[in-house]
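Here's the structure, in structure tokens; my notes come after.
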Amino acid sequence: MRLFAAVELPDEAKRRLAAAAAPLPALVPGLRLSEPATWHVTVRFLGDTGERDLPRLREALARGAAGAPAGVAALAAFGAFPSWRRPSVVWAGLGGPSGAGTLAALARSVSAELLE
């Protein structure tokens with residue numbers, strides 16, 4: 001399984017992000033956006049993971065996320081992997097006074113727990 005740790009976005013954030021992303025398919029030929037219900041903030045890519053590792057990962061993720069404060073993030077920019085000419089993934093960069101820092105702290109905490 002190819003796994004990642006993610007934060008679920010509130011419905012209102014998904015609505016706002018969808019509105020901001022709506023013009024992208026007209027600007028990038030062949031681009032199709034996934035359903036907003038699937039949108040999330042990736043905290044850490046875990047890669048190929050065996051089922052036997054899941055209990056350890058769940059525990060590490062729970063420890064890493066314990067006590068994480070809520071933050072408010074703002075849309076900073078859109079980007080694409082590997083490029084806008086051949087996008088397979090469109091991403092939204094986040095900024096804002098507390099949200100981006102809170103997410104970065106969460107990513108560091110989760111990463112530290114996963115390395116133990």
Side-chain angles (χ1 to χ4, degrees):
M1 297 175 279
R2 289 178 55 86
L3 301 179
F4 57 90
V7 173
E8 178 74 23
L9 293 170
D11 289 339
E12 178 60 22
K14 290 179 186 178
R15 280 191 288 279
R16 289 179 180 208
L17 190 54
L24 293 176
L27 300 171
V28 182
L31 180 67
R32 290 182 313 138
L33 298 176
S34 60
E35 289 298 316
T38 67
W39 295 355
H40 59 274
V41 175
T42 300
V43 174
R44 170 79 190 242
F45 180 68
L46 303 173
D48 291 325
T49 306
E51 193 166 336
R52 63 181 167 77
D53 294 322
L54 293 180
R56 180 187 63 81
L57 288 173
R58 281 188 190 108
E59 291 172 10
L61 292 171
R63 287 191 309 271
V72 177
L75 176 63
F78 286 108
F81 294 126
S83 70
W84 280 114
R85 291 181 187 215
R86 296 182 310 124
S88 61
V89 173
V90 173
W91 53 266
L94 301 177
S98 67
T102 299
L103 289 167
L106 175 61
R108 285 191 301 274
S109 178
V110 164
S111 293
E113 289 295 334
L114 289 169
L115 293 175
E116 288 189 9

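Side chains included, hydrogens not; waters and symmetry mates left out as well; all remaining heavy atoms used. Quick caveat, the model's predicted, so the values are computed rather than measured.
- Leu31 and Phe78 fall within a single hydrophobic cluster, where Ile, Leu, Val, Met, Phe, Trp and Tyr are joined by side-chain heavy atoms under 4.5 Å apart, directly or via other members.
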Side chains of residues 11-18: which donor-acceptor partners sit under 3.5 Å, not counting sequence neighbours?
residue : atom : partner : partner atom : Å
Glu12   : OE1  : Arg15   : NE           : 3.2
Glu12   : OE1  : Arg15   : NH2          : 3.0
Glu12   : OE2  : Arg16   : NE           : 2.9
Lys14   : NZ   : Glu8    : OE2          : 2.5
Lys14   : NZ   : Ala37   : O            : 3.2

Review item, side-chain donor-acceptor pairs of residues 51-77, under 3.5 Å, at least two apart:
residue : atom : partner : partner atom : Å
Arg63   : NE   : Glu113  : OE1          : 2.6
Arg63   : NH2  : Glu113  : OE1          : 3.3

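- Listed here is the closest heavy atom pair of Ala22 and Pro25: O-CD, 3.2 Å.
- Residues Thr38 and His40 have side chains that never bring a donor and an acceptor to within less than 3.5 angstrom of each other.
- At distances below 3.5 Å, at least one donor-acceptor pair connects side-chain atoms of Ser83 with backbone N or O atoms of Arg85.
- Shown here for Trp39 and Ala21, the closest heavy-atom pair between the two residues is CH2-CB, 4.5 Å.
- Within the model, atoms CZ of Phe4 and CG of Leu46 stand 9.0 Å from one another, a figure rounded to the nearest 0.5 Å.
- Residues Leu114 and Met1 share a hydrophobic cluster, clusters being chains of Ile/Leu/Val/Met/Phe/Trp/Tyr side chains in contact below 4.5 Å.
- The distance from atom CG of Leu103 to atom CZ of Arg108, rounded to the nearest 0.5 Å, is 10.5 Å.
- Linking ILVMFWY side-chain heavy atoms closer than 4.5 Å, directly or via other members, places Val90 and Leu27 in a single hydrophobic cluster.
- Classified by interplanar angle (parallel below 30°, tilted 30° to 60°, perpendicular above 60°), the ring pair Trp91/Phe81 is tilted.
- Shown here are the side chain to side chain donor-acceptor pair (under 3.5 Å) partners of Thr49, two or more places apart in sequence or in another chain: there are none.
- Remark: side-chain polar atoms of Ser111 are paired, donor with acceptor, to backbone N or O of Ala107 under 3.5 angstrom.
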